[in-house]
Amino acid sequence: MNSDWYSVRMRASIGSRHLSGAERLGRPEEVSTLTSRLTARAFAHVGGAPDNVNCTIEKLDAAEICQGFFPDVRTWQVTDFADGRLLASQLLVGAGVRAQVADSCIKLLAAGPAPGGAVMRGAMIVDAVSGQRLEPDAVRGVRVSRMDVAPDERSAVEEHLRQAGLGHPRVLEALVLAAKVLKAPGLLAELCWSDDPDYLTGYVATPAGGYQRINCLKERGSFSGGRVFLVDPHAWSRDPFIDFLQKKPVLLRGYPTIHPAESWGS
Ligand code: WAQ
Ligand code: MG
């Protein structure tokens with residue numbers, strides 16, 4: 001087997017609206033399968049049939065690939081999204097985010113963070129102290145890319161998650177993204193929930209707390225969702241941070257420790 005690696009990325013849109021996007025890493029012989037799987041995803045999206053699907057296949061510099069590990073996984077059961085958001089805010093504050101900033105990030109995700117209240121294709125970057133938006137393009141956001149599970153470990157990781165009741169493909173995908181984000185220089189926390197109107201679970205990821213799922217962060221039927229990367233203004237600088245998230249290839253090894261679900265709040 002040759003030692004080449006490729007990044008395969010898909011993004012789909014309807015008109016100017018972002019519909020779906022996904023990324024994988026693979027060996028040359030896997031590239032066509034990955035491309036067709038990602039394309040199929042674009043057509044299976046609940047948000048409608050895409051007008052435009054864009055797949056990019058790019059050879060990676062194998063010497064640049066670094067290893068990553070899965071964060072621990074916790075699940076908090078809350079009774080409604082108000083409690084979920086309260087917990088998310090507390091977890092963010094625990095990671096060093098100012099309370100006002102945590103609350104404004106939650107409001108932004110709920111309202112649709114792009115101009116006009118639309119969903120972004122990528123993530124916001126927010127200064128955890130001042131609350132300032134730092135991403136260069138507030139419509140697009142920053143898209144994390146070039147990360148995946150090491151191919152020879154994928155089926156074991158999938159099985160591990162399935163046995164813990166976390167077999168939904170979104171979980172692994174979000175875990176892979178969060179694992180990479182947690183390695184980014186200057187990152188304090190990530191907050192995420194899906195724009196899928198039927199998927200209410202979101203998470204807060206932090207270096208010390210790992211990946212903390214919250215079973216309800218939004219109302220059923222809501223198309224709001226997105227991601228925020230909260231950064232420490234004293235430890236952060238823009239180009240290395242964005243460059244790492246977009247460009248640095250990360251392959252994850254091992255599998256996560258999964259803690260039993262716990263109830264939280266009223
Ligand atoms: N980089 C940056 N932001 C992204 C990326 C990316 N690669 N992919 C998605 N986003 C942003 C974008 O604004 C989307 O609208 C938003 O995140 C939500 O994306 O443990 O499924 O793919 O049960 O809808 C989390 C909980 C699920 C999983 C998150 O997000 C679990 C999810 P979605
Ligand atoms: Mg989505």
Side-chain angles (χ1 to χ4, degrees), residues 7-14 17-25 38 41-42 44-47 56 70-78 81 84 88 105 108-114 117-126 135-148 157 161-162 164-182 184 187 190-205 210-218 222-230 241-242 244-250 256 258-259 261:
S7 152
V8 183
R9 306 194 291 280
M10 176 281 292
R11 62 190 168 83
S13 55
I14 300 180
R17 179 164 62 85
H18 170 72
L19 177 67
S20 126
E23 27 261 302
R24 298 287 303 273
L25 302 181
L38 293 183
R41 281 262 302 262
H45 201 277
V46 291
T56 306
F70 288 98
D72 279 19
V73 177
R74 286 177 200 278
T75 300
W76 298 104
Q77 310 276 8
V78 296
F81 76 91
C105 288
L108 265 172
L109 281 198
V119 166
M120 293 167 81
R121 204 168 106 199
M124 293 182 261
I125 304 173
V126 171
E135 74 278 12
D137 179 341
V139 179
R140 181 184 183 276
V142 171
R143 251 194 103 81
V144 189
S145 168
R146 296 176 171 81
M147 66 287 182
D148 207 340
V157 175
L161 288 169
R162 206 166 20 246
L166 302 177
H168 197 298
R170 279 182 193 280
V171 180
L172 179 55
E173 202 167 282
L175 258 175
V176 169
L177 187 147
K180 178 171 180 185
V181 169
L182 287 173
L187 181 102
E190 178 192 356
L191 167 68
C192 163
W193 72 79
S194 178
D195 51 11
D196 181 324
D198 294 319
Y199 203 87
L200 313 185
T201 303
Y203 65 88
V204 171
Y211 180 90
Q212 304 207 53
R213 309 175 66 238
I214 299 172
N215 73 316
C216 183
L217 277 176
K218 65 187 252 181
S222 158
F223 284 87
S224 89
R227 283 185 156 89
V228 193
F229 303 145
L230 286 135
F241 184 82
I242 293 179
F244 176 86
L245 291 178
Q246 293 181 335
K247 298 277 167 60
K248 183 75 180 169
V250 177
I258 302 173
H259 299 270

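In listed order, ligands and their atoms are each counted from 1.
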On the six-membered ring of F223, is K218 placed so that its NZ or CZ lies under 6.0 angstrom from the centre and within 45° of the ring axis? no

Min N/O separation V144 to ligand 1 under 3.5 Å: yes

For L177 and M147, run side chain to side chain contact (heavy atoms under 4.5 Å, CB included): C-alpha distance rounded to whole Å, both residues' side-chain angles, the deciding distance at 0.1 Å, then the answer. CA-CA 7 Å; L177 187 147; M147 66 287 182; 4.1 Å; yes

Contact (N/O only, under 3.5 Å) between M120 and ligand 1: yes

Is a salt bridge present between R41 and E173, judged by a nitrogen-to-oxygen distance below 4.0 Å? yes

Going by the rule ring-ring contact (aromatic ring centres under 6.0 Å, His included), which residues pair with H168 if we only count those two or more places apart in sequence or in a different chain? Y199

Quick check on G21 - does any of its heavy atoms sit under 4.0 Å from an atom of ligand 1? no

State the atoms of ligand 1, each with its element, that fall below the 4.0 Å cut-off from a heavy-atom position in V142. 1 (N), 2 (C), 3 (N)

Quick one: which ligand 1 atoms are inside 4.0 Å of a heavy atom on Y211? 20 (O), 26 (C), 28 (C), 31 (C)

Would you say C192 touches ligand 1, if touching means a heavy atom closer than 4.0 Å? yes

For R121 and ligand 1, answer yes if some heavy atom of the residue is under 4.0 Å from a ligand atom, otherwise no. yes

When you measure from atom 15 (O) of ligand 1 to each heavy atom in L19, L177, D195, which option holds the nearest one? D195

If we ignore angles and hydrogens, is there a donor and acceptor under 3.5 Å between the side chains of Y203 and E190? yes

Under 4.0 Å between a Lys/Arg side-chain N and an Asp/Glu carboxylate O for E23 and R146? no

Which bit of R213 is near ligand 1, meaning a heavy atom under 4.0 Å away: side chain, backbone, both or neither? side chain

Closer than 4.0 Å to some heavy atom of G226 - which atoms of ligand 1 meet that? 13 (O), 16 (C), 17 (O)

Can you check whether R227 has an N/O within less than 3.5 Å of an N/O in ligand 1? yes

Does ligand 1 have an atom that lies less than 4.0 angstrom from a heavy atom of E23? yes

Please give me the minimum heavy-atom distance between C216 and F81, naming the atom from each residue. SG-N, 3.5 Å

May I ask you to check whether D196 has an N/O atom sitting below 3.5 Å from an N/O atom of ligand 1? no

Measure the distances from the heavy atoms of V73 to every atom of ligand 1 and state whether one is below 4.0 angstrom. no

Worked check of side chain to side chain contact (heavy atoms under 4.5 Å, CB included) between C105 and M124: CA-CA 9 Å; C105 288; M124 293 182 261; 5.9 Å; no

Distance filter under 4.0 Å to A123 heavy atoms, resulting ligand 1 atoms: 2 (C), 3 (N)

Testing the basics here: between W193 and A110, what is the closest heavy-atom pair and its distance to 0.1 Å? CZ2-N, 3.6 Å

Side chains of L166 and L172: does their closest heavy-atom pair fall under 4.5 Å? no

One finds that the ligand 1 atoms under 4.0 Å from a non-hydrogen atom of Y199 are 23 (O), 26 (C), 28 (C), 31 (C)

Could R140 and E135 be called an ion pair, given the rule that one side-chain N must be under 4.0 Å from one carboxylate O? no

Proximal atoms of ligand 1 relative to V119 (non-hydrogen, under 4.0 Å): 15 (O)

Per-atom filter on ligand 1: closer than 4.0 angstrom to a heavy atom of T201 are 23 (O), 25 (C), 26 (C)

Min N/O separation E173 to ligand 1 under 3.5 Å: no

Considering only heavy atoms of G122, which atoms of ligand 1 have at least one such atom less than 4.0 Å away? 2 (C), 3 (N), 11 (C), 12 (C), 13 (O)

Hits for salt bridge (Lys or Arg N to Asp or Glu O under 4.0 Å) against R162, two or more places apart or cross-chain, chain-then-number order -> E159

